[in-house]
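Following: one structure in structure tokens, then a few remarks.
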Amino acid sequence: MSSLQQTLLEPARRPAVVKTLVAVVDAEVAGKTGISGRIIKTGYAAVTKVSDGFVAKAVNKLLPGFSAALDPFWQERGDRAFADTLVARQDEAAEALLTVTDSNVAGSNNGVVKRVYGSLRGKAKDNVIAALPRVGAAIESHAA
């Protein structure tokens with residue numbers, strides 16, 4: 001069985017994977033409600049104004065780390081849907097993804113990104129857990 005990195009990072013496949021994951025991010029942000037939803041939407045609007053295609057560039061940059069972090073879950077999924085595997089181990093899966101993001105943000109020179117991420121990091125795990133079904137389905141659509 002190929003690793004998730006080998007599959008998702010194939011040059012012919014990678015642009016479609018990035019596009020699908022950007023759509024996941026957009027849908028997750030759009031679906032947020034209440035005060036915390038407004039905060040997330042405001043933060044998202046701020047980072048998308050940093051540069052044209054910022055989210056796609058960020059997803060593309062993070063994809064190698066995300067695919068490596070999720071590969072153990074991919075390998076263990078068996079006959080289950082990948083989303084179900086991620087949800088069954090949601091705390092571990094969310095932490096694996098956040099470790100990648102934390103590391104990348106820490107190495108960033110972009111003050112806006114650091115400030116926005118820092119303001120949202122406290123609730124990030126809850127938001128990542130909520131997104132796992134969409135993330136799993138998106139990845140499986142390209143890797144299965």
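Numbers here simply count residues along the sequence, with the first being 1.
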Okay, side chain of [X], backbone of [Y]: is any donor-acceptor separation there less than 3.5 Å?
X: T101; Y: L97; answer: yes
X: S103; Y: V100; answer: no
X: D71; Y: S3; answer: no
X: Q5; Y: G65; answer: no

How long is the gap from [atom1] on [X] to [atom2] on [Y], to the nearest 0.5 Å?
X: K32; Y: I39; atom1: NZ; atom2: CD1; value: 12.5 Å
X: I40; Y: T33; atom1: CD1; atom2: OG1; value: 9.5 Å
X: R89; Y: L132; atom1: CZ; atom2: CG; value: 12.0 Å
X: L98; Y: E95; atom1: CG; atom2: CD; value: 6.0 Å
X: D79; Y: T85; atom1: CG; atom2: OG1; value: 10.0 Å
X: F54; Y: N110; atom1: CZ; atom2: CG; value: 6.0 Å

Non-hydrogen atoms of [X] and [Y] that approach each other most closely:
X: A137; Y: A83; result: N-CB, 4.0 Å
X: A96; Y: A69; result: O-CB, 3.7 Å
X: A93; Y: L86; result: CB-CD2, 3.9 Å

Review point. Can you list every pair that meets salt bridge (charged side-chain N to carboxylate O under 4.0 Å, His left out) and has a residue in residues 135-144, with sequence neighbours left out?
Key: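 Residue pairs passing salt bridge (charged side-chain N to carboxylate O under 4.0 Å, His left out), neighbours aside: none found.
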Point to revise | For D91, salt bridge (charged side-chain N to carboxylate O under 4.0 Å, His left out) partners two or more places apart | key: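 Salt bridge (charged side-chain N to carboxylate O under 4.0 Å, His left out) check on D91 returns K125.
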Practice item. Go through the structure and list residues passing salt bridge (charged side-chain N to carboxylate O under 4.0 Å, His left out) with R115, not counting sequence neighbours. Key: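 So R115 forms no salt bridge (charged side-chain N to carboxylate O under 4.0 Å, His left out) with any residue.
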Check your understanding: Is the number of heavy atoms from other residues, nucleotides or ligands within 6.0 Å of NZ (K41) greater than 12?
Key ->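 Correct, the count exceeds 12.
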Review point. So do L70 and F82 actually touch side chain to side chain, heavy atoms under 4.5 Å?
Key: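 Heavy-atom side-chain distance check passes, below 4.5 Å.
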Practice item. Could you tell me which residues satisfy side-chain hydrogen bond (donor to acceptor under 3.5 Å, both in side chains) with D102, sequence neighbours excluded, listed by chain and number? Key: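 For D102, the residues satisfying side-chain hydrogen bond (donor to acceptor under 3.5 Å, both in side chains) (neighbours in sequence not counted) are Y117, R121.
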If you look only at distance, which donor and acceptor atoms sit under 3.5 Å apart when one is on a side chain in residues 17-31 and the other is two or more places apart or in another chain?
| residue | atom | partner | partner atom | Å |
| --- | --- | --- | --- | --- |
| T20 | OG1 | A16 | O | 3.0 |
| T20 | OG1 | H142 | NE2 | 2.7 |
| D26 | OD1 | Y44 | OH | 2.4 |
| E28 | OE2 | R134 | NH1 | 2.8 |

Review point. For P64, which residues count as a side chain to side chain contact (heavy atoms under 4.5 Å, CB included) partner, sequence neighbours excluded?
Key: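 Testing P64 for side chain to side chain contact (heavy atoms under 4.5 Å, CB included), a comparison that skips the adjacent residues, returns L9, R14.
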